[in-house]
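Notes to accompany the following structure.
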Amino acid sequence: MTSPFSLLSISRPGYLESSSLHTSSFPAQATAVSRLVDSLRIPSLHIVAHTVSAPIALEMAGLPGFRKRVRSICLVDPQLAPYSRIQDLSKRFQSLGPEWARTRAAYNALARSANDSYFRQAVSEICGSESLVEIDDDPAMAQLYEGIGVFFTHWSMRKHGMLSDNLALKRLDRNLWNSVESPIICLMGVSQPFDSVTRSLEMEDHIATAEKAARAALVNVKSNLEF
């Protein structure tokens, strides 16, 4: 008789309806999720993590007293290093002065309609030029992009966003990853659209670059690693 199978979908601390933590670091988020697993009395688990949740999965798999319970890890398009686009944007905002000024600059650009040139420029820098094609082709996507301001931290009231994630990735020391023994499989390119030959070739190059970065970040894990 097989054991019962359960699926638990968890929002990262500070996202959607989950409460925020005092710190947005990935180790703190991993500890919070592991405590949730403890409270639910789950003896062992397989972890599936998408993009920037990947560091949390690896931190959990390296936690003393918890790592033996992680039976396997599936990383879907893992983001294990700072975003190059967000890094460039962060540098631009840093030149504006203190945090409140940088935040206000982001909101000034993004609190506009999808037809506004300033908004379109900001979205293109953050999400890539392909985002403008989506905005022009689909009114529903245009409406979705108009809510992109939620990615940015606003004073102490707004939850953590992409800029704070990028800072957390830069500060992450990855020491616990050396203790990860659970088998890991990385699925690359799952989130990328392939709607034309030209875009497919561009995406293949992007996926190859992302895989190279993931392999470099995971070089010290002890587990079996598959791509």
Side-chain angles (χ1 to χ4, degrees), residues 10-16 18 20-34 47 49-63 73 75-107 109-110 122-128 131 148-180 184 186 188 191-192 205-221 225 227:
I10 303 173
S11 297
R12 289 174 54 198
Y15 286 80
L16 298 180
S18 63
S20 297
L21 302 174
H22 291 299
T23 174
S24 62
S25 71
F26 290 111
Q29 294 181 55
T31 299
V33 176
S34 66
I47 300 177
H50 183 236
T51 58
V52 79
S53 294
I56 301 173
L58 293 166
E59 289 288 313
M60 289 177 64
L63 284 173
I73 304 171
L75 304 179
V76 182
D77 290 326
Q79 186 68 44
L80 301 173
Y83 300 88
S84 57
R85 287 175 184 160
I86 302 299
Q87 274 187 296
D88 294 340
L89 193 65
S90 297
K91 290 177 182 176
R92 288 184 54 206
F93 285 160
Q94 285 170 6
S95 67
L96 297 175
E99 183 178 358
W100 66 267
R102 299 196 297 272
T103 302
R104 181 166 294 182
Y107 270 85
L110 297 171
V123 169
S124 178
E125 291 175 351
I126 297 167
C127 303
S131 60
I148 199 173
V150 299
F151 286 127
F152 295 86
T153 304
H154 187 226
W155 311 108
S156 59
M157 297 178 291
R158 185 171 293 284
K159 296 177 181 180
H160 306 297
M162 289 177 69
L163 288 179
S164 58
D165 279 347
N166 202 63
L167 184 59
L169 282 167
K170 290 172 68 175
R171 292 174 174 172
L172 187 61
D173 60 21
R174 300 177 177 82
N175 285 337
L176 282 181
W177 299 7
N178 299 340
S179 304
V180 176
I184 300 173
C186 294
M188 311 301 296
S191 308
Q192 305 297 335
D205 183 60
H206 171 77
I207 292 168
T209 301
E211 180 176 332
K212 184 178 179 181
R215 287 183 182 276
L218 296 170
V219 68
N220 290 324
V221 297
L225 183 61
F227 280 82

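Between atom CD of residue Q79 and atom NE2 of residue H50 there is a gap of 10.5 Å, rounded to the nearest 0.5 Å. In this structure, the separation between CG on L176 and CZ on F26 is 14.0 Å, given to the nearest 0.5 Å. In this structure, NZ on K212 lies 13.0 Å from CZ on F227, to the nearest 0.5 angstrom. With rounding to the nearest 0.5 angstrom, the OG atom of S34 is 11.0 Å from the CD1 atom of I56.
A heavy-atom distance below 4.5 Å is found between the side chains of S53 and R12.
Listed by chain and number, the residues in a side chain to side chain contact (heavy atoms under 4.5 Å, CB included) with A208 amount to none (sequence neighbours excluded). Every side chain to side chain contact (heavy atoms under 4.5 Å, CB included) that A57 has, sequence neighbours left out, goes to I47, A49, I73, L75. With sequence neighbours excluded, the residues satisfying side-chain hydrogen bond (donor to acceptor under 3.5 Å, both in side chains) with R215 are E211.
Pairing each heavy atom of E59 with each of R174, the nearest pair is OE2-CA, 4.4 Å. Residues V52 and L169 come closest through the heavy atom pair CG2-CD1, 4.2 Å. Considering all non-hydrogen atoms of both residues, P55 and L172 come closest at CB-CD2, 3.9 Å.
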Practice task
Test L218 against V180 for side-chain contact (heavy atoms from CB on, under 4.5 Å), laying out the working first.
Solution key: CA-CA 10 Å; L218 296 170; V180 176; over 6 Å; no
